Amino acid sequence: MDTSRGSLLRLLELQRVDSTIDRLEGRLRNLPEQAALDALEARLAAQNAEIAERQAALEDALTRQKRLDHEVDTLGQKISAESNRLYSGVVKNAKELSDLSREVEALKRRKEILEDNDLVVMEEREGIEKELAALTADRSGLIAEIDKARALRDSASGEVGVLLAAGQAERATQLPGVDPELKELYDRIRSTHSGVGIAGMVEGVCQGCHVRLPFQEAEAVRTATGIVRCDECQRLLVSL
């Protein structure tokens with residue numbers, strides 16, 4: 001394993017690039033433009049659910065209205081037929097005439113009740129249709145907002161993506177100059193220490209955990225010809 005100062009400085013430079021890549025990937029995952037788009041899409045999903053519920057209610061109202069219309073029409077035909085019998089002179093028996101008259105009146109009362117119910121359902125249907133029209137108009141406006149938000153997100157992610165690609169390209173050029181065994185150790189430390197495997201020591205302070213090292217430890221880092229790790233954060237250290 002090459003643990004010379006030059007090798008450690010190359011690794012520190014790789015750390016700089018890796019930290020930049022990590023930051024850009026984090027930005028890509030947590031773009032404010034993405035959060036804004038997610039919020040709008042959540043509103044759209046809720047609105048779609050409300051529209052679907054209102055459409056189901058409308059279909060139910062139309063079904064009930066159709067049934068009531070059919071019953072009213074059927075009763076109207078029956079009333080007409082029974083009234084014709086009542087006044088045609090065909091029925092001569094007084095009791096039969098009385099029974100027929102009562103039946104016609106009962107049918108008329110039943111028809112009036114059904115017509116009242118039909119009117120209630122009609123008003124309900126018209127109310128639902130107005131709600132649906134308003135929801136549909138709102139939905140169109142929301143879709144337009146989503147289109148704009150998506151364009152902003154794509155623009156922002158594109159800018160971050162360009163920077164990320166540049167960082168990844170820079171990393172690829174640096175990797176051949178890093179000792180493989182040292183890189184393996186760096187990766188292990190990095191995986192358990194918030195993405196930082198090596199840090200510089202500036203004026204006796206570890207730049208990984210920002211703790212000042214005791215004088216003797218700081219001197220050991222300055223004069224080291226091999227691997228030295230921070231006692232506090234256990235990251236690799238190189239004096240700057």
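Excluded from the calculations below are hydrogen atoms, water molecules and symmetry mates; all remaining heavy atoms, backbone and side chain alike, are included. Note that the structure is a prediction, hence the values are computed from the model and not measured.
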What residues form a side chain to side chain contact (heavy atoms under 4.5 Å, CB included) with D69, not counting sequence neighbours?
Q65, D118

List for me each residue that meets side-chain hydrogen bond (donor to acceptor under 3.5 Å, both in side chains) alongside S19, sequence neighbours excluded, and say none if there are none.
Q15

What residues, two or more places apart in sequence or in another chain, satisfy salt bridge (Lys or Arg N to Asp or Glu O under 4.0 Å) together with R139?
none

Contacts of type salt bridge (Lys or Arg N to Asp or Glu O under 4.0 Å), residue E129, not counting sequence neighbours
R125

Non-neighbouring partners of R102 that pass side-chain hydrogen bond (donor to acceptor under 3.5 Å, both in side chains), sequence neighbours left out:
S98, D99

Apart from L152 itself, what residues make up its hydrophobic cluster, given side-chain heavy atom links below 4.5 Å?
none

Identify, with sequence neighbours excluded, every residue that meets side-chain hydrogen bond (donor to acceptor under 3.5 Å, both in side chains) alongside R188.
none

So, using side chain to side chain contact (heavy atoms under 4.5 Å, CB included) as the criterion, who are the partners of D147 when residues are at least two apart?
I143, R150

Under 3.5 Å, sequence neighbours excluded: what are the donor-acceptor pairs made by side chains of residues 157-171?
unit_1, atom_1, unit_2, atom_2, d
S157, OG, R153, O, 3.0
S157, OG, D154, O, 3.0
E170, OE2, R16, NH2, 2.6
E170, OE2, Q174, NE2, 3.4
R171, NE, D18, OD1, 2.4

My understanding is that only residues two or more places apart in sequence, or in another chain, count here; which of them pass side-chain hydrogen bond (donor to acceptor under 3.5 Å, both in side chains) with E123?
none

Partners meeting salt bridge (Lys or Arg N to Asp or Glu O under 4.0 Å) with E33 (sequence neighbours left out):
none

For R10, check salt bridge (Lys or Arg N to Asp or Glu O under 4.0 Å) against everything at least two apart and list the hits.
D2

